[in-house]
> 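Sharing a structure below in structure tokens format, with a few things to ask.
Note: hydrogens, waters and symmetry copies are ignored here, and every other heavy atom, side chains too, is used. In what follows, chains carry the letters A, B, and so on, assigned in the order in which the sequence lines appear, proteins first and then strands, with residues in each chain numbered from 1.
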There are 2 protein chains.
Amino acid sequence: MLKMSKLTDYGTLVLAQLAKESKLSSAHKVARATHLGQPTVSKLLKTLAHAGLVISERGAQGGYTLARPAIEISAAEIIDALEGPVAITECSSIKGHCDLQSNCQVATAWQKINFGIRRALSEVSLVDLQTPVELLATPNLKAYLASPTNLKGQQ
Amino acid sequence: MLKMSKLTDYGTLVLAQLAKESKLSSAHKVARATHLGQPTVSKLLKTLAHAGLVISERGAQGGYTLARPAIEISAAEIIDALEGPVAITECSSIKGHCDLQSNCQVATAWQKINFGIRRALSEVSLVDLQTPVELLATPNLKAYLASPTNLKGQQ
DNA sequence: TTCATATAGTACCATTTTAGTTCTATTTAA
DNA sequence: TTAAATAGAACTAAAATGGTACTATATGAA
């Protein structure tokens, strides 16, 4: 699976909808536009507000708006906000806190892969997510693993 | 979280252990070497055998061995075997099968990202996972999204 | 002032997924 | 014949997920 939860998927829709509006949008309005349930949208927006990705205004005529321009909101931040930090294995988030640690030969590489994916996601913005793209080429993780000094050429 | 399950993590340990042995190893032996529970290892090996990553031999003196050299077993295959196909969003695995499809502005990009991560994982082998690496550089997904024609230079 | 609108926060529940175990059947070498 | 070993299915407990409900609070406007 290695997949996002539905809520993260929905959250991206919600953020994309907010990106279209310049003014405050209420949860109700966003729900209508995205065809998602209003309570669900409300919950998502609360979480996103808590994470600092959206700003809320309470009271009548209140609502939500993006805290930053869409170009400055990354895919990694969206996932972080709605699912907690990206961690492909459990022990990659908390170093040296695993019973198997002393016997585990493979943790390090999974951690590196996790880190690579995370950084990759941090370079994709909400704008990128909204824009249909023709083709996504393959990031060559294996080449990176084999020859880390190649990094500069890739940036 | 975007993380693997514990079992996939364990499965990698199991495969790494098999890679160390030239002969058949029983589930019991692998369990001892990896410090995992024997029933759990047994279940993992059955699944891995079903996926074709290991070969089993029944009866006394039976056991498991890698179906292919470790260099030819990819991280993507391991995840596929133990968790099903990698799919960062639900609708990325089954095209055009989503209620929100007509309203969903962002599905495509997530699908592309998913595809990129999947391909990246397919280029990391079990050998890479066993070998400690110094640094994993960042695959530049955003650059790929922006200029897909850059692909050739990366391979 | 009052009220309708709207977010904040928490708690809750049903469903699904996950992790792990157990049991029976079958195979095979000694 | 028997012990060792995998095959396969079923089962259970615990955790995560998706969604809802409820109370409290803030604010603009009649």
> Please state how far atom CG in A:L48 lies from atom P in C:dA8, giving the value in whole angstrom units.
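The distance from CG of A:L48 to P of C:dA8 comes to 11 Å, rounded to the nearest Å.
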> Just to verify, which of A:K46, A:E57, A:Q17 counts as forming a side-chain contact (heavy atoms from CB on, under 4.5 Å) with A:Y64?
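For A:Y64, the side-chain contact (heavy atoms from CB on, under 4.5 Å) test succeeds with only one of A:K46, A:E57, A:Q17, which is A:K46.
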> Give the rounded distance in Å between these two atoms: NE2 of A:H35 and P of D:dG19.
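One finds 16 Å between P of D:dG19 and NE2 of A:H35, rounded.
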> Counting side-chain heavy atoms from CB outward, which of C:dA19, D:dA26, D:dG28 is closest to A:Q61?
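Out of C:dA19, D:dA26, D:dG28, the nucleotide with an atom closest to A:Q61's side chain is D:dG28.
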> Do A:D128 and A:S125 pass the side chain to side chain donor-acceptor pair (under 3.5 Å) test, and can you show the C-alpha distance, the side-chain angles, and the key distance before you say yes or no?
CA-CA 5 Å; A:D128 298 317; A:S125 79; 3.3 Å; yes
> How close or far is atom P of D:dT6 from atom CD1 of B:I55, stated in whole angstroms?
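That distance rounds to 14 Å.
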> Between P on C:dT5 and NE2 on A:H28, what's the gap in Å once rounded to a whole number?
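A:H28 atom NE2 is separated from C:dT5 atom P by 10 Å.
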> Using the side-chain heavy atoms of A:L7, tell me which of these nucleotides is nearest: C:dA19, D:dG18, C:dG9.
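For A:L7, the side-chain atoms sit closest to D:dG18.
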> Output the single nucleotide from D:dT6, C:dA8, C:dT5 whose closest atom is nearest the side chain of B:S56.
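Looking only at heavy atoms from C-beta outward on B:S56, the closest nucleotide is D:dT6.
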> May I have the distance from A:L44 (atom CG) to C:dA8 (atom C1'), rounded to whole angstrom?
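About 15 Å, once rounded to whole Å.
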> Out of D:dG19, C:dA4, C:dA19, which has the shortest distance to the side chain of A:A60?
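Side chain of A:A60 sits closest to C:dA4.
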> Nearest 0.5 angstrom please: A:I78 CD1 to A:T12 OG1, how far?
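OG1 of A:T12 is found 4.5 Å from CD1 of A:I78.
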> To the nearest Å, give me how far apart OH (B:Y64) and P (C:dT28) are.
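After rounding, the gap between these two atoms is 14 Å.
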> Assign each of A:G62 and B:G37 to its nearest nucleotide of DNA chain C by heavy atoms, then name whichever residue's nucleotide is nearer the 5' end.
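The residue whose closest nucleotide sits nearer the 5' end is A:G62.
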> As a test of reading the structure: which of C:dA8, D:dG18, C:dT22 is closest to the side chain of B:P39, going by heavy atoms?
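For the B:P39 side chain, the nearest candidate turns out to be C:dT22.
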> Check every atom of D:dT20, D:dA26, C:dG9 against the side chain of A:K46 and return the nucleotide holding the closest atom.
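Of the options given, the side chain of A:K46 lies nearest C:dG9.
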> Hey, which sits more toward the 5' end of DNA chain D by its nearest nucleotide, A:R58 or B:Q38?
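Residue closer to the 5' terminus by nearest nucleotide: B:Q38.
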> Side chain of B:S26: nearest nucleotide among D:dT6, C:dG9, C:dA6?
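Given the options D:dT6, C:dG9, C:dA6, the side chain of B:S26 is closest to D:dT6.
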> If you check the B:S5 side chain, which of D:dA4, C:dT7, C:dA19 turns out closest?
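Looking only at heavy atoms from C-beta outward on B:S5, the closest nucleotide is C:dA19.
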> Without decimals, in angstroms, what is the distance between B:D9 CG and C:dG20 C1'?
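Nearest whole value for this atom pair: 16 Å.
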> Only one of B:T65, B:T47, B:L48 passes side-chain contact (heavy atoms from CB on, under 4.5 Å) with B:V54; say which it is.
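Single side-chain contact (heavy atoms from CB on, under 4.5 Å) partner of B:V54 among B:T65, B:T47, B:L48: B:L48.
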> Could you tell me how far apart A:E83 (CD) and D:dT17 (P) are, to the nearest whole angstrom?
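Taking CD of A:E83 and P of D:dT17, I get 7 Å after rounding.
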> Taking for each residue the nucleotide of DNA chain D bearing the nearest heavy atom, is the 5' side occupied by A:G59 or by A:K43?
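The answer here is A:K43.
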> Taking A:E77 for the side chain and A:S74 for the main chain, is one N or O donor matched with an acceptor at less than 3.5 Å?
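Yes.
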> Taking any heavy-atom pair under 4.0 Å as a contact, classify B:G63: base, sugar-phosphate, or nothing.
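Sugar-phosphate contact only - B:G63 comes under 4.0 Å of backbone atoms but never of a base.
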